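Before any comments, here is the structure.
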Amino acid sequence: MGTESTISDPPSKTVLVTTGATSPFPSLISAALSAPFLATLLSLGYTTLRIQYGDCHELFQTLSPAALPSCGSIDLGGFDFTDDLRTEISHAELVISHAGSGSILDALRFQKRLVVVVNDALMDNHQKELAEELGGAGYLVEGFVENLHEAVIKAETFEFKHFPASGSEKFCSILDEEVGLNLD
Amino acid sequence: MISLLLTGGILLTFLLFLRLLSITPSINPTPPPRRPPSQQNPPHILYNLGSGGHTAELLSLLTSTSTPTHTHLHTRTKRTYTISRGDALSAKKAFLFECSAGSPSSSYEILEIPRARGIGQTWLSTPLSAISCLAGCVRVFVKVGLPDVVVCNGPGSAVLVAGVCFLAKFLGLCKTRIIYVESFARVRSLSLSGKLLYAFADRFVVQWPGLVEKYPRAEFHGILI
């Protein structure tokens, strides 16, 4: 309403793909550079695609030139790791994340549209339980590397539930009880 | 003579067993202590930081220590942070956390202990590194004293830190209260550390309601991080 946008300054719409810092997730990177996924981003008006590829630098370097023709007007960029993923998240309209609890929580606390893709290559996959539970509660949309674009289309109109703020206050009360400093 | 020794041995074992029962919170829960305001020594809290996600979760649990209701958890306590050897990032996070609270550097320490088990380490060599971690824990307690409260979440080192405290409790050296908080990532099953510490923690806190059904000692108060 009150914002003024000029023709020379089109609104940007960013999608951030993050594979985490612990385990490589090459299939998510491939999916994020696939033609159907990029076509979907274009049709939904995304202007920027940022990919945190972790240890998969070579894969990103190999796939991105081939993906460029499909990118059209999308500005494609990648980086391996960052100290400050929260800033990246805060600039994004949509976050597509691996199922690590840290990344999920960061995206949810920023109240971002969130698609979570479980890394099936991980053993003892309790990450899957977390993604399913949060997905079932309406906080995020579960995605799959085979058809990532479908999850993005779903996320575009999905009514995400508001994620609660930190419950640290409650924990500090428990800690207070146990420390037993009598303050009254 | 032999029967006398045997009787003595059985009696001793029985008494030790009773001692064990009396200090095990799952069998004999005890209320937390009440410290009079006049108490000279500030209570000592030990926060066991794992690496990466565990550290982030634990420090996230503590964000409300900066609110007026809880500032005394900073200003009127002595704090120790244990980190895994070489985990500079967790050390930095703990340091920045204390800085943002404006604590004098004399009121806390950040100490390293050897890793209990590296990611991908074989189970065969785990006992060796566990022993070295155990020795590291003992060194920490010799340096800073046994804590009044231990706060830990999922990493392997939690089992050893809390385990050593429990042993010290058994020997009557301290009355450490153990608070275990299961990771937010654990929805339907406990982590190995959680399973091992379930019976020995004075407070066993989970962040998903489904776990309370399986583990009745667990407390659920919503997502705490």
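Side chains included, hydrogens not; waters and symmetry mates left out as well; all remaining heavy atoms used. Computed from a predicted structure; not experimentally measured. Labels below follow one simple rule: chain letters A, B, ... track the order of the sequence lines, proteins then strands, and each chain is numbered from 1.
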*asked:* Would you compute the distance between atom CG of B:Leu61 and atom OG of A:Ser166 and round it to the nearest 0.5 angstrom?
replied: 7.5 Å
*Would you give the length of the straight line joining atom CG of B:Leu224 to atom NZ of A:Lys170, rounded to the nearest 0.5 angstrom?*
8.5 Å
_Using modelled atom types and a 3.5 Å cut-off, is there a donor and acceptor pairing between side-chain atoms of A:Ser168 and backbone atoms of B:Ile225?_
no
_With a 4.5 angstrom heavy-atom cut-off, is it the side chain or the backbone of B:Ile45 that approaches chain A, or both, or neither?_
side chain
*Please flag which part of B:Pro43 lies under 4.5 Å from any non-hydrogen atom of chain A: side chain, backbone, both or neither.*
side chain
_Side chain to side chain, A:Glu169 and B:Thr67, heavy atoms closer than 4.5 Å_ = yes
*Side-chain heavy atoms of B:Leu73 within contact of A:Asp176, under 4.5 Å*: yes
*What part of B:Ala185 lies closer than 4.5 angstrom to a heavy atom of chain A: side chain, backbone, both or neither?*
both
_Please classify the contact of B:Arg203 with chain A as side chain, backbone, both or neither, using a heavy-atom distance under 4.5 Å._
side chain
*Can you tell if the side chain of B:Val151 reaches within under 4.5 Å of the side chain of A:Phe171, non-hydrogen atoms only?*
yes
*With a 4.5 Å heavy-atom cut-off, do B:Arg186 and A:Glu129 have their side chains touching?*
no
*Distance in Å, A:Glu133 CD paired with B:Phe184 CZ, rounded so as to fall on 0.5 Å steps*: 10.0 Å
*Please assess B:Thr77 against A:Leu181 for the test side-chain contact (heavy atoms from CB on, under 4.5 Å), listing each intermediate value before the final yes or no.*
CA-CA 9 Å; B:Thr77 60; A:Leu181 273 172; 4.3 Å; yes
*Which of the residues B:Val149, B:Asp148, B:Asp202 is involved in the greatest number of heavy-atom pairs with chain A at under 4.5 angstrom?*
B:Val149
_Region of B:Thr65 that comes under 4.5 Å of a non-hydrogen atom in chain A_ = both
_Heavy-atom neighbours of A:Lys13 NZ exceed 12 at 6.0 Å_ = yes
*Separation of A:Leu175 CG from B:Ser64 OG (nearest 0.5 Å)*: 11.0 Å
*Residues in residues 85-118 of chain A that sit under 4.5 Å from chain B, counting heavy atoms only*: A:Ser101, A:Leu105, A:Arg109
_Heavy atoms of other groups near A:Phe81 CZ, more than 12 under 6.0 Å_ = yes
*Heavy-atom contact with chain A under 4.5 Å, split by part of B:Ile223*: both
*Which residue pairs satisfy the side-chain hydrogen bond (donor to acceptor under 3.5 Å, both in side chains) criterion with at least one member in residues 55-83 of chain A, sequence neighbours excluded?*
A:Tyr53-A:His57
*Would you say B:Arg177's side chain and A:Val179's backbone share a donor-acceptor pair under 3.5 angstrom?*
no
*Mind running salt bridge (charged side-chain N to carboxylate O under 4.0 Å, His left out) on B:Arg34 and A:Glu177 for me, showing each step along the way?*
CA-CA 9 Å; B:Arg34 285 272 143 259; A:Glu177 287 166 23; over 6 Å; no
*Take atom NZ of B:Lys92 as the centre, draw a 6.0 Å sphere, and report whether it contains more than 12 heavy atoms from other residues, nucleotides or ligands.*
no
*Tell me, for B:Ser191 versus chain A, whether the close heavy atoms (under 4.5 Å) come from the side chain, the backbone, both or neither.*
neither
*Counting only heavy atoms closer than 4.5 Å, note whether B:Gln207 contacts chain A via side chain, backbone, both or neither.*
neither
